[in-house]
Amino acid sequence: MTDGMALNPAGPDLAEAMPPGVLREIEPRHLEEPRGRYHGHAGLLAAPHNVEEVAAVVRACAAARIGIVPLGGGTGLVGGQIMQDGPLPLLLSLERMHAVRDVYPQENVMIAEAGVTLQSARDAAKDSDRLFPLSLASQGSAQIGGVLSTNAGGVNALRYGTARALCLGIEAVLPDGSIMHDLKRLRKDNTGYDLRDLLIGAEGSLGIITAASLRLVPPPAANGVALIVVPDPAAALDLLSLAGRQLGDCVTAFELISGQGPRFQMEKMPDLRQPFDSAPDWMVLIEIGLPRGLEPDTALEALFEAAAEAGLALDGLIAQSGQQAADFWRLREEIPEANRLIGAISSHDISLPLSEVPGFIEDAGAMLADMGNMRINCFGHLGDGNLHYNVFPAKGRDRAEYDDIRKRIQASVHEMVVARGGSFSAEHGVGRLKVADLERWGDPARLQAMRAIKAALDPLGIMNPGAVLA
């Protein structure tokens with residue numbers, strides 16, 4: 001693969017080679033990411049209307065050896081959509097490709113273009129009395145192409161799986177500008193290498209996803225939401241097992257929330273309604289979706305009674321209305337905003353084998369306490385082992401005071417995660433932020449295979465240069 005520094009900058013010559021009407025003015029939003037950590041640069045911005053125009057753009061960049069940075073909704077948190085240095089790339093925005101091409105209710109399938117927002121996809125499914133179950137806090141902005149390129153998970157992965165599990169086929173433009181037409185609506189198709197799965201999660205480093213066949217499901221007849229106070233993470237894990245025994249695969253979401261999250265909200269977001277007068281040290285937000293004939297309140301009450309009898313539940317609230325359920329979910333969804341207002345020293349998107357979660361939380365807390373006086377906000381999708389483990393300054397101190405140990409904190413947390421068989425990147429991807437982490441902790445044989453695939457498909461190294469692989 002050609003070294004990234006051998007690429008050329010996007011400039012007037014490339015502009016002349018673009019299809020008519022494709023170029024747009026670069027705006028600040030195209031060069032920023034949600035946390036404000038990175039500010040990118042680019043020479044041109046192309047926003048094609050269809051897959052043929054995407055292919056023409058890619059062919060022109062390949063001929064001129066110019067890097068391409070794909071741009072979806074811009075909600076990624078690892079810098080995959082931001083290129084800070086090197087020759088000026090072309091930004092390739094999919095925002096004009098925003099059509100839901102077809103919905104097949106009998107097949108439980110939707111065909112959506114890459115620029116369709118996740119919320120629009122969910123709305124289109126609802127119009128056909130179906131559910132596209134992937135759900136993210138950023139679903140009003142996140143686009144299908146980006147969701148697939150990062151293999152996003154979200155709060156419902158416990159029941160429905162990640163984006164990869166919800167995709168049956170894709171249409172994509174490969175690095176040479178050829179179009180891969182693979183928008184199949186099949187559950188079974190054993191015809192060689194699965195290039196769909198290869199491109200999903202590749203973060204635009206192997207090609208540009210332009211459309212996808214998405215799996216839909218019938219919506220549950222009734223949903224129920226509850227907040228259950230638990231003694232500790234080990235009890236939360238036992239509660240998850242109990243919920244599985246009593247409710248089977250009807251558990252849609254199972255979120256672990258430490259008391260630090262609500263305490264941050266009380267400090268920075270006092271108008272946000274809190275369900276308890278004082279924040280419990282640990283609680284679980286659980287949502288269930290049941291078939292017709294079953295009552296969520298009855299099921300959740302039975303679960304709480306069994307949990308209390310087993311010493312797994314100390315207190316609890318079952319949402320009595322759609323508004324109260326939304327309020328419970330807002331408590332969970334506003335945790336990242338409260339975190340942002342406090343200002344983290346180091347944030348970690350990690351996953352662990354479920355049985356390792358309680359031990360990790362205890363051991364990591366002790367390790368960080370030895371490093372200094374800090375606050376930890378641990379929360380996340382316990383049902384699939386994904387934790388957001390974030391470290392903050394002690395009250396009254398600024399995060400800049402911890403600059404000398406910030407990298408050591410991150411490395412120590414990730415090392416502990418990997419030692420327990422976990423991942424330092426659960427659902428946000430590698431992007432540019434975690435390239436060095438992948439080099440350090442990735443399996444050597446797997447990394448060698450990844451580099452070989454990259455070299456075979458993208459020998460010029462034009463696809464999202466510097467993302468995923470160094």
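Note that these values count all heavy atoms, side chains included, but never hydrogens, waters or copies made by symmetry. Residue numbers count from 1 along this sequence.
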In sequence, state the C-alpha distance, the side-chain angles, and the governing distance for Trp441 and Glu415, and then conclude on side-chain hydrogen bond (donor to acceptor under 3.5 Å, both in side chains). CA-CA 8 Å; Trp441 284 297; Glu415 188 169 7; 5.5 Å; no

Please say which of Leu14, Leu23, Leu44, Leu90 ends up in a side chain to side chain contact (heavy atoms under 4.5 Å, CB included) with Val57. Leu90

Locate the shortest heavy-atom distance separating [X] from [Y]; write the atom from each residue and the value.
X: Leu237; Y: Leu354; result: CD2-O, 3.2 Å
X: Val468; Y: Ala202; result: CG2-O, 3.8 Å
X: Val51; Y: Met97; result: N-CE, 3.7 Å
X: Leu186; Y: Asp189; result: CD1-CB, 4.2 Å
X: Ser213; Y: Lys184; result: OG-O, 3.1 Å
X: Leu206; Y: Pro175; result: O-CD, 3.2 Å

Quick check on [X]: does its [atom1] atom have over 12 non-hydrogen neighbours (other residues, nucleotides or ligands) under 6.0 Å away?
X: Asp85; atom1: CG; value: no
X: Glu27; atom1: CD; value: yes
X: Gln448; atom1: CD; value: no
X: Arg187; atom1: CZ; value: yes

Hey, are the side chains of [X] and [Y] touching, using non-hydrogen atoms and a 4.5 Å cut-off?
X: Thr117; Y: His98; result: no
X: Val217; Y: Tyr160; result: yes
X: Leu131; Y: Leu216; result: no
X: Val284; Y: Ile257; result: no
X: Leu331; Y: Phe328; result: no
X: His388; Y: His381; result: yes
X: Val417; Y: Phe360; result: yes
X: Gln143; Y: Leu94; result: yes

Polar side-chain atom of [X] near backbone of [Y] as donor-acceptor pair, under 3.5 Å:
X: Glu113; Y: Ala99; result: yes
X: Lys434; Y: Phe424; result: yes
X: Arg375; Y: Gln260; result: no
X: Lys454; Y: Ser205; result: yes
X: His30; Y: Gly74; result: no
X: Asp176; Y: Arg59; result: no
X: Asn156; Y: Ser135; result: no
X: Arg399; Y: Pro393; result: no
X: Arg159; Y: Val251; result: no
X: Ser258; Y: Cys378; result: yes

Run the numbers on Val225 and Leu285 for side chain to side chain contact (heavy atoms under 4.5 Å, CB included), then give the verdict. CA-CA 7 Å; Val225 178; Leu285 173 65; 3.5 Å; yes

Please report the C-alpha distance between Asn108 and Arg130 in whole Å, then the side-chain angles of each, then the deciding distance to 0.1 Å, and finally whether the side-chain hydrogen bond (donor to acceptor under 3.5 Å, both in side chains) criterion is met. CA-CA 7 Å; Asn108 287 319; Arg130 293 295 184 267; 2.6 Å; yes

About how many Å separate CE of Met374 and CG of Leu368, when rounded to the nearest 0.5 Å? 5.0 Å

Tyr389 and Phe379: aromatic ring centres closer than 6.0 Å? no

Can [X] and [Y] be counted as an ion pair, charged N to O under 4.0 angstrom?
X: Glu171; Y: Arg101; answer: yes
X: Asp182; Y: Arg196; answer: no
X: Arg29; Y: Glu32; answer: no
X: Arg24; Y: Glu95; answer: yes

His414 vs His348 aromatic rings, parallel, tilted or perpendicular, using cut-offs 30° and 60°? perpendicular

In sequence, state the C-alpha distance, the side-chain angles, and the governing distance for Ser351 and Asn386, and then conclude on side-chain hydrogen bond (donor to acceptor under 3.5 Å, both in side chains). CA-CA 4 Å; Ser351 63; Asn386 176 196; over 6 Å; no

Report the C-alpha separation of Val435 and Leu469 in whole Å, then their side-chain angles, then the decisive distance to 0.1 Å, and conclude whether the side chain to side chain contact (heavy atoms under 4.5 Å, CB included) test is met. CA-CA 6 Å; Val435 168; Leu469 293 170; over 6 Å; no

Stepwise, does the side chain to side chain contact (heavy atoms under 4.5 Å, CB included) test hold for Asn50 with Arg96? CA-CA 8 Å; Asn50 52 54; Arg96 284 179 169 173; over 6 Å; no

Would Val69 and Leu92 count as a side chain to side chain contact (heavy atoms under 4.5 Å, CB included) here? Give the steps. CA-CA 6 Å; Val69 176; Leu92 182 57; over 6 Å; no

Applying salt bridge (charged side-chain N to carboxylate O under 4.0 Å, His left out) to Glu203 and not counting sequence neighbours gives none

